[in-house]
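Quantities reported herein were computed from a predicted structural model and do not represent experimental measurements. Residues: numbered from 1 along the sequence shown.
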Amino acid sequence: MAAPLLPGLSRRRVDPDLGDQIIAPQRRSAGGARARRERDEYRRDDHLRERSTDYDRGTSGSTRKQLFDPSAPLPPPPRRSERAAGSGTDDERRRRPPPDLPRRVEQGKKLFDPDAPLPRRRDEREPGPSRRLFDPADPYAQVELQPKPVRNLLLDQAGSRTPEEEADRERERRRRREGSERGSQAGKRKDKDADARSRGSRSSEGSESFKDRERGRGEGDSGAKKVLREAYKQIQTLEQTLVDMHRKLAADPDAGISAIMKVPAGGEDEVKAWAELVAMHKELAEHHHEFLKIAFDPTFPSGLRVLPVKYNIPVRLWQSAFHLVLERLRFLWTTKNPIALDLLTDCILDAYRFYTELYDDPLLGSFRTAWIEALGDIARYRMAVASVAAEPPMVRRTVDDDDDDAPQPSGVSIGQEVADDWVVNDKDTWRETARDWYAMGVTEKPGEGRLHHHLALLCHNVRGLEGRELYHFTKSLTASHPFETSRESILALFDSSLQLQRSTPEATAMDLFVRLHGMLFTRIDLDAFPPVMSRFMERLEEDASLDGVSRKAGVTQVDWLLMSAVNIAAVLQYGALNSPIRKALVAGGRRRNQDDDEPDDEVEHEEVDPEPDAPPPQTFTFALQLASAMLDLVFAHPTRHQGLHQVLNPYLTTYLTFLATLFRVPEAGAHVARYVSWRNLATFLGAFRDVREETRLISAAAPLPEDWMVRGMEWVGRRVYERGFWKAKLSSGRGSSGGLAQPRSGERFQSEVDVLTARFESALDVSEGVVEAVEGTDLTDGPVAIDARRRKRVIWAAGVLCAHVDGLSVEDGVVRIASPLEERIRAIEEERAI
């Protein structure tokens, strides 16, 4: 009995053949589509059969039959691509039924017969026993004979790229796209450093992908970043380990190596422990060198070259790899440890050779100054060891030896020659070697005060070099990049015992000069400054009267050059921040920036106030009095004997250049106006008949020796020389006049150390008495040429003073004092008389 239906539901009639009903619509639609497709193909085939080609031999209503002519040349066979082009497309050929096969679809045949066997596909056909795999008669094989369309090689190449190359191209497209966006939004960005770093990193990715792989570095990334990252991790780890070890050594210096390694003192184990420590420092140095070589490898991305600067690799290389261990061994040497001297000497030799390789490596030329300074420091260590080194005494060789058998410079580098001749056991020789290295550094970076500090230390405790030591210390403090450590180091020069020795009756002019600046710098015993200054001026008077008469003159041209530069440093208060001149120059620069729209004549001819509001310090007043008194003396004795010639005293050109620079800034000129002897200046300049007002900077053909002395000082900057004045003057020669430096022809100066070591008084002009010029001789810095350039410099300084000092004028090429300045001079003279 059937179950009763639920309320609301009616009984349905269910067809037992439900599957046939579902498949029936699909059969109808499939059959209709196949019939239409075959009908279209048949019509298309009929249309193609009606068409004729040039090579058809059938009859045609419009063509005439021609008999075959064996003598006629055969037409060229059609190309494969042409036959393909005339046969229709690939899809049409595959759908076209062969002409010799029966029609596959008959009109009365059932569209779908489930009992009939399924037709075999073309790709399932198997060759028969007597049938070849390739049969031109087979219609299906004819389809395969049709040529494939010509492929686009560029597209194929693009499709065959590796994923890494596709990623590189994508990064390059992104870099270009973001570069254009950065160019359009450059004015809106504030963080330029971060933008430069990101731009550099993306450019390095692009350059690596397109350049490095072309050089055959292999597939994928070049691996430079990964190697650099690993090298830097090794540097950090080993550096931190060594710093911790030296911190323990410094905490207990008497324990020595036992503070970090439990070894007995005085045995072989102690030597091995120190040797192990030195080996660790050498390993750290090699890691630094490897990092630098990878960063500057030309086959790697150029963006990696900023990493050594970013991580301060040159400074860390010296500090952690060499300076720590050298200082520790030097301290061990001072404690009379018997093993310290050999360890220190070997370590110095290894460091010198290591830095010589860095210096000679052209890829690391951007850090040339750092290598030069390090080589100078290592030579100073060797200089300290040379005096007590346990080596057999040898013949002392200096730069003045005329031994023809002495090795001549090869031109490779100073370091290579010194390393090959390491057995030289002369303290003075190593002092000159260090001086040559520092001179090269000063020539390349004249405003680096640290290098002048090192040069001053080389002159310490050397008799006769006190003036040069004072010069380097004061220039280190007044350089464009001052080195404040010199304020403490210079105190050793002004020791009380040394100052007492300079106050004896036998003291020379240079001794008294050093004593005067010791008073000004330390501000000790300033009450004795006037009498000591009087004694000093008497010495200068005696020397000026003996010049040209006796060879016993004690003040040379080099001394005058030193004194002029040191007096300028004293007027600048030795680089103090509260210096009146420094404040005035800063205020003048600020005012010039604010008054750029004003005419130059209104600014330059502004009236100079001779009385500033704030009273200057006493040391500033004494410094101006000393500099002006020496200038008055030079006005009375303006020339010096140099060989057979007389040349102007370099103090004239140096100090007049300084005054001309100050009076360009009214605020600065107001501080020194009352201390200038204007009458003596006008009398001296009366000998020059071609003075005219001048507003340009110095642009002479060649620098004077005094220009080398003031080069790099803060007051010079861009106020004295034209832009590019020094660029064409510097030579590629190495070193100064030392025996290890490159020789130079003639008397051309290449650095200020050349000037400091020159012997002007004994110099002869080689052109004197010579009919023909000597080949290869440079007389640019000969006495005749120097005197001519100094006279032009005096005329230039006089013209600048006349253009900027109210009351100092030029009439017919002669300097005159006009009314405003004359009244001020008279008032100052009356004040001094009271």
Side-chain angles (χ1 to χ4, degrees), residues 470-471 473-480 482 484 486-487 490-491 493-494 499 512-534 536-537 562-589 608-633 651 654-678 681 710 713-717 719 801 805 824-825 827-828 831-832:
L470 176 63
Y471 161 77
F473 273 133
T474 54
K475 192 170 182 180
S476 174
L477 294 171
T478 56
S480 56
E484 291 300 324
S486 298
R487 295 192 183 275
I490 198 176
L491 296 179
L493 180 62
F494 302 141
Q499 290 289 80
L512 295 173
F513 182 76
V514 174
R515 185 187 177 191
L516 288 173
H517 282 276
M519 295 178 180
L520 295 177
F521 187 86
T522 60
R523 303 187 180 186
I524 297 175
D525 200 15
L526 287 177
D527 296 338
F529 187 86
V532 175
M533 177 179 168
S534 299
F536 172 67
M537 298 305 300
L562 291 172
M563 291 187 294
S564 61
V566 173
N567 281 347
I568 292 175
V571 173
L572 297 174
Q573 295 291 278
Y574 306 104
L577 296 177
N578 58 351
S579 169
I581 299 298
R582 184 173 187 176
K583 290 181 178 180
L585 292 176
V586 173
V608 177
D609 185 9
E611 297 292 341
D613 298 336
Q618 189 178 13
T619 56
F620 178 72
T621 303
F622 283 159
L624 285 173
Q625 291 177 359
L626 175 61
S628 300
M630 294 179 64
L631 183 62
D632 293 339
L633 176 66
Y651 192 91
T654 305
Y655 199 73
L656 287 179
T657 302
F658 176 66
L659 290 178
T661 305
L662 292 186
F663 277 99
R664 286 178 179 271
V665 183
E667 295 86 349
H671 290 283
V672 300
R674 63 181 290 110
Y675 299 97
V676 178
S677 299
W678 296 105
L681 175 62
V710 300
M713 298 183 75
E714 185 181 12
W715 67 273
V716 176
R719 305 181 182 94
L801 290 174
V805 177
R824 294 174 185 171
I825 294 173
I828 293 174
E831 180 181 352
R832 292 176 180 174

*Asks:* Using 0.5 Å steps for rounding, measure from the CZ atom of Phe529 to the CD atom of Gln618.
*Replies:*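 CD of Gln618 is found 9.5 Å from CZ of Phe529.
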*Asks:* For the residue pair Ser579 and Val571, what are the closest heavy atoms and their distance?
*Replies:*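 Minimum heavy-atom contact is OG-O, 4.1 Å.
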*Asks:* Heavy atoms only: give me the nearest Pro580-Gln573 pair and the separation to one decimal.
*Replies:*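 So the two residues come closest at CD-CG, 4.1 Å.
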*Asks:* What is the minimum heavy-atom distance between Ala629 and Met537, and which atoms define it?
*Replies:*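 Nearest heavy atoms, Ala629 then Met537: O-CE, 3.5 Å.
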*Asks:* What is the distance from atom OH of Tyr651 to atom OG1 of Thr654, rounded to the nearest 0.5 Å?
*Replies:*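 Those atoms lie 9.0 Å apart.
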*Asks:* Give the minimum heavy-atom separation between Trp678 and Ala673, together with the two atoms involved.
*Replies:*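 In terms of heavy atoms, the two residues are closest at NE1-O, 3.1 Å.
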*Asks:* Could you pull out the closest heavy-atom pair between Ser486 and Ser476, with the gap in Å?
*Replies:*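 Distance-wise, the nearest heavy atoms are OG-OG, 2.8 Å.
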*Asks:* Between CD1 of Ile581 and OG1 of Thr478, what distance do you get to the nearest 0.5 Å?
*Replies:*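 Between Ile581 CD1 and Thr478 OG1, I get 13.5 Å after rounding to 0.5 Å.
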*Asks:* Quick check: closest heavy atoms across Tyr675 and Arg832, and the distance to 0.1 Å?
*Replies:*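 Tyr675 and Arg832 have their closest heavy atoms at CA-NH2, 4.2 Å.
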*Asks:* Atom CG of Leu493 and atom CG of Leu470: how far apart are they, to the nearest 0.5 Å?
*Replies:*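 Nearest 0.5 Å value for the CG-CG distance: 6.0 Å.
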*Asks:* Answer whether the closest heavy-atom distance between the side chains of Phe622 and Met533 falls below 4.5 Å.
*Replies:*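 The answer is no, as the side chains (C-beta and beyond) never meet within the 4.5 Å cut-off.
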*Asks:* So Leu572 and Leu477, do their side chains get closer than 4.5 Å, heavy atoms only?
*Replies:*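 They are not in side-chain contact.
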